[in-house]
Amino acid sequence: MPDWTESPEDVASFRAALLRFFDREARPLPWRSTRDPYRILVSEIMAQQTRVETVIPYYRRWLERFPTLGALADAGRDDVLKLWEGLGYYSRARNLHRAAQTVRESFGGQLPDSPAELRTLPGVGPYTAGAVASIAFGEPVPAVDGNVRRVFARLHDDPVPGARAVEDWAARVVDPDRAGDFNQALMELGAIVCVPRGPHCGRCPVVSWCRARSAGTQEERPLPKKRSRVRREERVVVVNVDVGGQPEHGREPDVGREQEAQHGRRDRPPRVWLRRRPDEGLLAGLWEFPSFSANEAEAADVASAGEPLAPVRHLFSHLHVTYRPYVLYRSSAEVDGRGEASQWVDLSDLGGVAVPVAQQKIAALARRFLRRTHA
Ligand code: SF4
């Protein structure tokens, strides 16, 4: 069967149908009312692997705090991570921050308009480069994300479309006059009509071009990718509590602290010891309770000396971690002698530093535990 994306007439009517759908049904997302390349870049990075409803409040807060690329470039890393707190995949925040600094240093503070130059920025791959170039600058280039790949797999009834083939299809059909709207229309179609399970073919604007729908194979297109195996890890977490006394930054709790806590004497809110994660890797630069792999000797010490809290489970993309937190009243040297940056913070607000979601859950459990035992 000939490929309809090579027929100019088919392509023209496909574009018109898809753009009509976009004009009529697109959700009024906050970044759809701007052409500001910085705002579009922020929205695209935030929306990677994240639901639009989750992104919206983060996007608004981010732009209040960092309204321009220059403001972001000037920000401190802790401020950037704090604002991203809870959104996950924190490398996106670090890359966005570095991208803003790169744009200032290498592009005179203006985001470049070509996909090739955009791709030189940290964290900007082919999809993001295509999205920013087309939406902000009207460049007639494709932007293929997971939604667009699924739509093309169905339109062409291809069970395993290669990245190259999808890029080629998308490049042939992109509308040269409304490239940004066209790319967003394809994404929107994938997000609200051509959804992964149970596509709404009855109200699809491009059903006449859909070969999977004609063949009745739309549910099986594309075939699921092989999932890489999820690794499991168990960590023993030290919630080291400093209750009462006069706080001083970095001061270790003294020997009488536990008894003091047990007798309920407290002249200020409890503090806990946090350390900063290394600059590279998972959750880089965020703050957390110190922890040990369950196999390490220190883990057994912590478990025998501490008060156990409920376990907290967290699924990262390929890693399933079970955190087993224990409350201790130990000196920092005993639990955190590994040289990372560390500090005492108030348990109530964790010092306002950026703390991943699982660690916030542990802090909430610790608060409840201390309220119960020290009331
Ligand atoms: Fe997707 Fe159905 Fe439209 Fe085909 S007809 S593109 S499967 S929603």
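Scope of the values below: all heavy atoms of this structure, side chains included, with no hydrogens, waters or symmetry mates. Counting starts at 1 for both ligands and their atoms, following the listed order. Since the structure is predicted, the reported quantities are computational estimates derived from the model, not experimental observations.
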| task | Kindly compute the distance separating CD (Glu233) from OG1 (Thr322), expressed to the nearest 0.5 Å. | result | 9.5 Å
| query | Would you say Val151 touches ligand 1, if touching means a heavy atom closer than 4.0 Å? | reply | no
| message | Check this for me, if you would: do Asp10 and Arg172 make a salt bridge, where the nitrogen-to-carboxylate-oxygen distance has to be below 4.0 angstrom? | response | no
| message | Parallel, tilted or perpendicular: which one describes the rings of Trp169 and His156, with boundaries at 30° and 60°? | response | parallel
| What is the closest protein heavy atom to atom 1 (Fe) of ligand 1, and at what distance does it sit? | Cys194 SG, 2.4 Å
| Sidechain N-carboxylate O distance under 4.0 Å for Lys82, Glu85 | yes
| Does the shortest distance from atom 2 (Fe) of ligand 1 to an N/O/S atom of Cys201 fall below 2.8 Å? | yes
| note | Within 4.0 Å of some non-hydrogen atom of Cys210, the atoms of ligand 1 are 4 (Fe), 5 (S), 6 (S), 7 (S)
| request: Give the atoms of ligand 1, by number and element, whose distance to some non-hydrogen atom of Arg154 is under 4.0 Å. | output: 7 (S)
| query | Under 4.5 Å between any side-chain heavy atoms of Glu44 and Trp31, yes or no? | reply | no
| query | Has Arg372 got its NZ or CZ under 6.0 Å from the middle of the six-membered ring of Phe369, at an angle within 45 degrees of the ring axis? | reply | no
| field | Heteroatom N/O/S of Cys204 within less than 2.8 Å of atom 3 (Fe) of ligand 1 | value | yes
| note | Under 4.0 Å from one or more heavy atoms of Gln218, ligand 1 contributes atoms 7 (S)
